[in-house]
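By convention here, the first residue in the shown sequence is residue 1. Since this is a predicted model, take the numbers as computed values, not measurements.
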Amino acid sequence: MSANFPPMSIARSTTLAMLFLCGAGSSAHAAETAPDKGTTTIDAMRLEIYMDREMRAFGDAEISKDGQYIKGDRIFVNTINDEIHAVGNVFVKQGNATAEGPELRMKMEDREGEMPEPSFTIGGDGERKGRGNASTIMFEGPTKERLKSVRYTTCEAGVNDWYMHANELEIDHHSETATATNAWIQFKGMPILYTPWIDFPFSNERASGVLLPTFGSTTRSGFELAVPYYLNIAPEMDATITPRYMSKRGTQVQGEFRYLDRSNPHIVNTDRLEYLPNDDMTGRSRYAINLRNTHTFGGGWWGNLQFERVSDDTYFSDMSTRIALTSRVNLPQQVDLHYDKNTLTNDWHFTLMAQQYQTLDKVSYPYQRLPQIALSGFQELGPIDTRLSTEFVRFDKNSAAPISVTGERYTIYPTASLPLLASYGYITPKVGLRYTGYNLNNAGTSYDSKSTAIPTFSLDTGLYFDRTMRVVKNVYTQTLEPRLFYVYIPYENQNRLPIFDTGLSDLNISTLFAENQFVGGDRINDANQVTLALTSRMIDQRTGVQRLSATIGERFYFNDPRVTTCSPANPTAAECSSTNTVHSDFLTAVSAKLLNGWNADAAWQYNTDNSETVRANMGLRYQPEPGKIMNLGYRFTRDRLEQIDVSTEWPLGTNWYGLARFNYSLRNNASTNDKRGPIEALAGLEYNAGCWQARTVVHRLTTATTTANYSIFFQLELTGMSSIGSNPLDLLKRSIPGFTNPDQISNTVE
């Protein structure tokens, strides 16, 4: 039987419902319509009413009201006090939490009551799901429960690998967090961690609180222990404060502050600070600052702030286990302001920037830009595309740098092109005039402050051919795309002009079609040359995916190039010698994305005059599914480096994964500090049990001083709680391209 009644007339409405249902001589349920808010619904095999004061429900008794649902063998309702007493196989549900026990006493309106010896679950669809039991659960209002002598886990029923035990656990459904006092974690029957207080989210929402500590060991810092505290300041803002104890150095404080740009929520700003009051090994305080901020002001205006600074020159080599950091010698400190205006027929961009560096090697002092002002734009004038690039830069040097030429450079470069497009090809002639002027300091008699005005002309043309072809059962579109690119720029002697920010660009498929082979504003090459290239692609007609692409190309010179990066500061450098040649090196690039999980990329630069390879890069990846990946890489640059790089993540058995990375230098090179031998090596094991993961990693890194730093990571990650040990996940993602956390593999596959 069932009864629906509003809360203000419980007894009367129940009596009327009982008379109606009993008069019908049936145990049928009431009409299955959704009850109104505030309405209480009771279902049972048998209902009894006593003087409009008490209702008794027997046999699969159920009562629900405003999202609360209670079920039991017998339910007794005191309608005067709004009290419920459920007995036998009691089940309670509200929101994403459930509880089961032998008995329940509760006031429905206030949701206050008590259940002895309950088992419970927390979490709904798409959220972390936890379960546990307690000696008592006390309901303390619509959004809170308090549990005594509780244990909790996120493992599935029947799997009891780990539990969190606590004297008391408070669950807050409003903040979707749980707070435990006098808590300890039991793993495989052994207690492994105690804390007097801990809180954690039981949904995907962030929550403030102490995170479980991490620990590890490195050669340079000894045993390390870090205890992070996470602050959920606002939906778009958070912070983490981490005391980090190092047995060889002392206690460091790390802080990270993150926030989203209010005008563009896709921009994540991150500020980091590290401070070690007194390093036991060096006897001085040490710090690192890293600020990276982007702000959108509206109306097309936006800006950046990037500020990096460390207390001393060896900070990264002493404190970091990342090769990208240990090899850094110039830390940027810059602020820039931008304005963009985009329409269908024009595009304008303005930049104002100030930039300087902290130099750690006391040798390679780059020029500072104090300031740089640039305006560039595009405007359609009928069928003609016009572009304008202008720039003013004041170049200066750090006061600690050796005295050298400084000064101001201004550039104006207007161009006009006429794109003629068709379905089978295109042809685009382009003309321009590049004007550059200088105002120099410390120039002496070696440099000229002269201005140059150099005209440019280029012609870019190409054709498209395609055909349909079948490979096994797949149908592809194969293209053939020849391209010709001609450039003419007259020669202008620029040897007495300074080199502020200019260098010779690497020759590759992209720069093969550049008018100017120099990067920066101090040089523009002379040219009377043509580039010929041929590209072929295979595109899957069913999916549109490009499965194969191959390009070959070469540049041919009608006149020998004469402009170099020679200047009075380096008159005897190798770059000052112009070469007599009729063509560039031969280039080829191939990229393949095959159906069976194989991806391959290769680039080759070959000098046909000397019959030798100048540069070669090859990469091979096999990834049939997430969690299975093998990478093989080879890098070669003549007279500079030759390295192999192998990495993998691979299942070794049920729930086991092997991890490895080996980066090895095949040659010695004093100019780049490369020594024959391992540059970086990593080996590790992971185990994924579903509700917990364990990983151990050993890492070896050769620093900029060619000494080796060893690190050992061990982490136990309890799903839905936190992790214990030192976290190697960032290291694994950097070292093994395509790495997938085993905890995410099942979700990825699904």
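Applying the side-chain hydrogen bond (donor to acceptor under 3.5 Å, both in side chains) test to Ser458 and every residue at least two apart in sequence or in another chain returns Glu515. For His295, the ring pair (Phe, Tyr, Trp, His ring centres under 6.0 Å) partners two or more places apart in sequence, or in a different chain, are Tyr259. Shown here are the ring pair (Phe, Tyr, Trp, His ring centres under 6.0 Å) partners of Phe662, two or more places apart in sequence or in another chain: Tyr664. Residues meeting the ring pair (Phe, Tyr, Trp, His ring centres under 6.0 Å) test with Tyr339, sequence neighbours left out: Trp301. Tyr410 meets the side-chain contact (heavy atoms from CB on, under 4.5 Å) test with Phe392, Tyr435; sequence neighbours excluded. For Tyr365, there are no ring pair (Phe, Tyr, Trp, His ring centres under 6.0 Å) partners two or more places apart in sequence or in a different chain. By the side-chain contact (heavy atoms from CB on, under 4.5 Å) test, Ile267 is found to be paired with Asp261, Asn264, Asn269, Thr294, Thr296, residues two or more places apart in sequence or in another chain being considered. The side-chain contact (heavy atoms from CB on, under 4.5 Å) test applied to Tyr710 returns Thr219, Arg700, Ala708, not counting sequence neighbours. Residues passing the side-chain contact (heavy atoms from CB on, under 4.5 Å) test with Ala602 are Met618, sequence neighbours excluded.
Ring-plane geometry between His349 and Trp302 is classed as tilted, the angle between the planes lying from 30 to 60 degrees on a 0 to 90 degree scale.
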Next item on the list: Step by step, work out the side chain to side chain contact (heavy atoms under 4.5 Å, CB included) result for Glu274 and Arg286.
Entry: CA-CA 8 Å; Glu274 299 177 357; Arg286 310 182 75 179; over 6 Å; no
Notebook entry, point to check: Are Asp271 and Asn290 close enough, and set up right, to give a side-chain hydrogen bond (donor to acceptor under 3.5 Å, both in side chains), and what steps lead you there?
Noted result: CA-CA 6 Å; Asp271 297 331; Asn290 190 333; over 6 Å; no
Next item on the list: Check the pair Leu352 / Gln372 against side chain to side chain contact (heavy atoms under 4.5 Å, CB included), numbers first and verdict last.
Entry: CA-CA 6 Å; Leu352 172 63; Gln372 177 184 20; over 6 Å; no
Notebook entry, point to check: Can Ile241 and Phe257 be said to form a side chain to side chain contact (heavy atoms under 4.5 Å, CB included), step by step?
Noted result: CA-CA 9 Å; Ile241 301 173; Phe257 176 65; over 6 Å; no
Next item on the list: Show your working on side-chain hydrogen bond (donor to acceptor under 3.5 Å, both in side chains) between Ser376 and Trp348 and close with a plain yes or no.
Entry: CA-CA 6 Å; Ser376 60; Trp348 290 91; over 6 Å; no
Check: Under the side-chain hydrogen bond (donor to acceptor under 3.5 Å, both in side chains) criterion, do Glu642 and Tyr634 qualify, and how do the steps go?
Finding: CA-CA 8 Å; Glu642 186 175 10; Tyr634 174 78; 2.6 Å; yes
Next item on the list: Begin with the C-alpha distance, continue with both residues' side-chain angles, and end with the deciding distance and a verdict on side-chain hydrogen bond (donor to acceptor under 3.5 Å, both in side chains) for Tyr557 and Ser584.
Entry: CA-CA 8 Å; Tyr557 303 99; Ser584 71; 5.1 Å; no
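Residue Phe297 comes nearest to Leu337 through the heavy atom pair CE1-CD1, 3.9 Å, listed as atom of the first residue, atom of the second, then distance. Residues Thr702 and Pro678 approach most closely at OG1-O, 3.1 Å, considering heavy atoms. Across all non-hydrogen atoms, the minimal contact from Pro490 to Ile454 is O-CG2, 4.0 Å. For Asp601 against Ser591, the heavy-atom pair with the smallest separation is OD1-OG, 2.8 Å. Here the closest heavy-atom approach between residue Phe500 and residue Leu440 is recorded as CZ-CD2, 3.9 Å. Nearest heavy-atom pair, Gln715 versus Pro728, reported as atom, atom and distance to 0.1 Å: OE1-CD, 3.5 Å.
In the model, Gln333 has no side-chain atom that pairs as donor or acceptor with a side-chain atom of Glu308 under 3.5 Å. A donor-acceptor contact closer than 3.5 angstrom is absent between the side chains of Asp645 and Asn631. A donor atom on one side chain and an acceptor atom on the other are not found under 3.5 Å apart for Gln334 and Gln306. Using a 3.5 Å distance cut-off with no hydrogens or angles, the side chains of Asp585 and Gln605 do pair a donor with an acceptor. Looking only at atom types and distance, the side chain of Ser449 has no donor-acceptor partner in the side chain of Asn439 under 3.5 Å away. In this model, a donor atom of one side chain and an acceptor atom of the other lie less than 3.5 Å apart for Asp238 and Tyr230. Looking at Asn330 and Thr359, their side chains do bring a donor and an acceptor atom within 3.5 Å of each other.
One finds the CG atom of Asp639 at 7.5 Å from the CZ atom of Phe636 (value rounded to the nearest 0.5 Å). To the nearest 0.5 angstrom, Thr282 atom OG1 is 7.0 Å from Leu276 atom CG. In this structure, the separation between CZ on Phe513 and CG on Asn508 is 10.5 Å, given to the nearest 0.5 Å. In this structure, Thr531 OG1 and Leu512 CG are separated by 4.5 Å, a value rounded to the nearest 0.5 Å. Rounded to the nearest 0.5 angstrom, Leu231 CG and Ile233 CD1 are separated by 5.5 Å. Between the CD1 atom in Ile499 and the OG1 atom in Thr565 there is a gap of 5.5 Å [rounded to 0.5 Å].
Applying side chain to side chain contact (heavy atoms under 4.5 Å, CB included) to Arg523 and the options Thr436, Asn516, Thr452, Thr502 leaves one that passes, Thr502.
Heavy-atom neighbours of Arg496 CZ from other residues, nucleotides or ligands within 6.0 Å: above the threshold of 12. Counted within 6.0 Å of NZ on Lys450, heavy atoms from surrounding residues, nucleotides or ligands total more than 12; the atom is thus considered enclosed.
Formation of a donor-acceptor pair under 3.5 Å by the Asn525 side chain with backbone atoms of Gln517 is found in this model. For Asn442 (side chain) and Ser404 (main-chain N/O), a donor-acceptor pair under 3.5 Å exists by modelled atom type. Distance alone, capped at 3.5 Å, places no donor-acceptor pair between the Gln643 side chain and the Leu641 backbone.
Figure legend: cation-pi geometry between Lys397 and Tyr367, with NZ or CZ positioned under 6.0 Å from the six-membered ring centre and within 45° of its axis. Both tests hold for Arg562 against Tyr491: distance to the six-membered ring centre under 6.0 Å, angle to the ring axis within 45°.
Applying the salt bridge (Lys or Arg N to Asp or Glu O under 4.0 Å) test to residues at least two apart or on different chains, the pairs with a partner in residues 499-512 are Arg369-Asp501, Arg409-Asp501, Asp506-Arg615. Applying the side chain to side chain donor-acceptor pair (under 3.5 Å) test to every pair with at least one member in residues 240-251, sequence neighbours left out, gives these pairs: Ser221-Arg249, Glu224-Arg244, Arg244-Gln252, Arg249-Asp279. Applying the salt bridge (Lys or Arg N to Asp or Glu O under 4.0 Å) test to residues at least two apart or on different chains, the pairs with a partner in residues 356-365 are Asp313-Lys362.
Taking the six-membered ring for Trp and the full ring otherwise, the centers of Tyr287 and Tyr275 sit at least 6.0 Å from each other.
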